[in-house]
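Here is the structure we will look at, set down as structure tokens.
All heavy atoms count here, side chains included; hydrogens, waters and symmetry mates do not. Whatever order the structure lists them in is the order used to number ligands and atoms, beginning at 1.
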Amino acid sequence: MDYQHWKIERDNDDICWLHLDVADSSTNVLSAAVLDELSEILNEQAQSLPRGIVFVSNKKSGFIAGADINEFTRVDNYDDAIAMINRGHEVMDKIESLPCVTVAMIKGFCLGGGMELALACRYRVMCDDRATRVGLPEVKLGIHPGYGGTVRSILKAGPMAAMNAMLTGRLLQGRAAKRMGLVDDLVPERQLLSAARYFVLKRPHQRPLALKDRIMNHRLLRPIVAKQMRKQVAKKARKEHYPAPYKLIDLWQKYMDRPRLMLKKEAESVAELVTDYTARNLVRVFFLQEKLKSQGNKKDFQPQHIHVIGGGIMGGDIAAWCALRGFRVTVQDREPKVLAATMKRSMDMFKKKFKKDKAAIRDAMDRLIADHKGLGVPHADLIIEAIFEDKDVKQSLYKNIEPQMKDGAILATNTSSIPLEELASCLQNPGRLVGIHFFNPVALMPLVEIVRGDNTDDAVIKQALAFGRQIDKLPLAVKSSPGFLVNRILMPYLLEAVEMVGENIPPEMIDKAALNFGMPMGPIELADTVGLDVCHSVAHILSEAMDIELPKKMDFMMEQKKLGKKSGEGFYKWQKGKPVKNKDAHYGNLKELEDRLIFRLLNEATACLREQVVDDKELVDAGIIFGTGFAPFRGGPLHHIESEGVQLMLDRLNQLHQTYGDRFQPDSGWQQLS
Ligand code: NAI
């Protein structure tokens, strides 16, 4: 019989090779249709049992990326959710109970549902290359493994390693997966087929779970270990915001003695989670991320050589990041000693990223060249300027380099605040200037704003968006207006926090209020981390262009030279890179503080929508989540307003307006929300 997504091949050794090649998709995902077909195929195979079944992917992109996330968005009640999960469970159970040997032959990504399918097989062989990774990243979508992966991963890898992998959602490379026992063998690509065949024919003995893992799984120990796990999780995610990891720990603690019951409970738990507020919003965030990715098409620009000017905080890291992503990069600074520091910092970045892979570190270092004299300028397809934030200094540099630039090369500026039109006015060809605005720290922040000046050529915008994808960032096209999208929306929130400090509200309580909302870091700690001088200059420029007032406290801090983490003291004193917080700090009504902070941010987000700083609502939300870390489980500022109820939220803003004055004046953009 012919199938749409699977191809069956039986060889001379009577091994059945099941090739997955999901129709009309570049990636293999386990949609309902794919699972239904598989279920039929397994019934068919059971009629004339082969010696073994090997699961293989025919896609270049990898083995199986997971369940079909689109299907999650279509279930909105428990009954539909449990039916969806049970379908997966039945297929995995069927694989597990086949009387013949089953092997998953893993090359490329094997994630979530794909990994659960692999775990249902008797053996897993994995390709030993950089692109092959396995993992159970479901927590990132607000759920936990739901196709039997909780029980089966723990039985294979032991509770500590498996729970750690599921609670963090991190992806594992071959060696780590093998060490944990998640896969049985790790072989070079050329030996994959013969390894899979070997497992079918020889059925090697599998190592049992180590004694310490069996002890950890013991019913008397589990409550103690689970308590520790909850403590660890609480450092990163609150239960009321992210329930999934806590439910996963409960599941293990309560049911590990009875794996069949645990499988049933796993399904029920995921069915509850998947229809819940957090998972729905995290799935939304997943699609927002896909939307940002789709803004740039890698094929639109394939630069060979990138030249970065300015080797400071930003330029140095931008150069290193581009080299890390595989580009040949020259980095120029007027100060040779800055370049020496840049090279050292780059080395640190590569070591962090590539860990023990010395060849990868060496290759990245080879691609990065310190270029004090700017010899790279005439060779570069893209020049990224990240020198002082000063219009005259930038323009005099542009005048100097433009005549040396290759035809068709792009000039990008990392400016945070100078209008592109002003910068471009000195150029012979102003259409080649675009903003590529990175965030600090470059290695950690996923977003780059691609700034379209009035003169920027459309083709240059397209190329800049493509470049964002080339370096594995999420590119967001924004209009050239003060603060672009992210700083503009973040600034009123930070300024409100500074205003509160001026009212003698303890910084610890202000930060706590923001954490209560779900921000990853409080605004005061954030301002100290970014540097109050940087905040001050961005705020200043924004205040000239927009109607915002700067809190007096801000100037006072600048006069005192209290710049934050970098000077050892800002709103907090800093010791060993950490703020010293007063544990006894107290404030009565934290919800009031939270509202003051968040409503200023929300109000500015509606203004950006009205002014079309980006193309649509979803892009406002995406920019703020990936540019600031805005509570992802809330799905973005505009989505948050709409899901709480626009009128209700507007009423609250009006109250704040009456109490605190015009900085809370609702923007007319609220009318565009529904
Ligand atoms: P920085 O002061 O750390 O580095 C600037 C570097 O440029 C210095 O090493 C300086 O020697 C070099 N430089 C100055 N004029 C030069 C010239 N004519 N030729 C060659 N080198 C020259 O500054 P930072 O923080 O890296 O900022 C650079 C740009 O990035 C600015 O436009 C800033 O607004 C923007 N930016 C800064 C962010 C931050 O968090 N610091 C975030 C996003 C953008």
Aromatic ring proximity, centroids under 6.0 angstrom, His640 and Phe517: yes
Salt bridge (charged side-chain N to carboxylate O under 4.0 Å, His left out) evaluation trace for Glu549 with Arg663: CA-CA 8 Å; Glu549 217 175 293; Arg663 61 184 194 276; over 6 Å; no
Are any of the N/O atoms in [X] less than 3.5 Å from those in ligand 1?
| X | answer |
| --- | --- |
| Glu335 | no |
| Gln332 | no |
| Ile309 | no |

For [X], the ligand 1 atoms whose distance to one of its heavy atoms is below 4.0 Å:
| X | result |
| --- | --- |
| Gly312 | 3 (O), 4 (O), 6 (C), 9 (O), 26 (O) |
| Asn440 | 39 (C), 40 (O) |
| Ser416 | 33 (C), 34 (O), 35 (C), 36 (N), 37 (C), 43 (C), 44 (C) |
| Gly310 | 7 (O) |
| His437 | 43 (C), 44 (C) |
| Thr415 | 32 (O) |

Listed once per pair and sorted, the ring pair (Phe, Tyr, Trp, His ring centres under 6.0 Å) pairs that draw on residues 529-551, sequence neighbours left out: His536-His540
Within reach of ligand 1, part of Val338 (heavy-atom separation under 4.0 Å): side chain
Salt-bridged, [X] to [Y], with N to O below 4.0 Å?
| X | Y | result |
| --- | --- | --- |
| Asp348 | Lys344 | yes |
| Asp357 | Arg130 | yes |
| Lys591 | Asp595 | yes |

Considering only the protein, which heavy-atom contact is closest to [atom], and what is its distance?
| atom | value |
| --- | --- |
| atom 21 (N) of ligand 1 | Arg334 N, 3.2 Å |
| atom 32 (O) of ligand 1 | Glu389 OE1, 2.5 Å |
| atom 26 (O) of ligand 1 | Met314 N, 2.8 Å |
| atom 23 (O) of ligand 1 | Ile313 N, 4.7 Å |

Judged on heavy-atom distance to [atom], which of [options] sits nearest?
| atom | options | value |
| --- | --- | --- |
| atom 16 (C) of ligand 1 | Asp533, Ile387, Asn414 | Ile387 |
| atom 43 (C) of ligand 1 | Phe388, Phe439, Phe438 | Phe438 |
| atom 8 (C) of ligand 1 | Val530, Asp333, Val308 | Asp333 |

Stepwise side chain to side chain donor-acceptor pair (under 3.5 Å) check, Ser537 with Glu389: CA-CA 9 Å; Ser537 85; Glu389 188 71 343; over 6 Å; no
The single option from Lys565, Lys578, Lys581 passing salt bridge (charged side-chain N to carboxylate O under 4.0 Å, His left out) against Glu525: Lys581
Aromatic plane relationship, Phe301 with Phe467 - under 30° parallel, 30 to 60° tilted, over 60° perpendicular: perpendicular
Mutual orientation of the aromatic rings belonging to Tyr242 and Phe633 [parallel < 30°, tilted 30-60°, perpendicular > 60°]: perpendicular
Partners meeting salt bridge (charged side-chain N to carboxylate O under 4.0 Å, His left out) with Asp333 (sequence neighbours left out): none
Lys394 to ligand 1, any heavy atom closer than 4.0 Å: yes
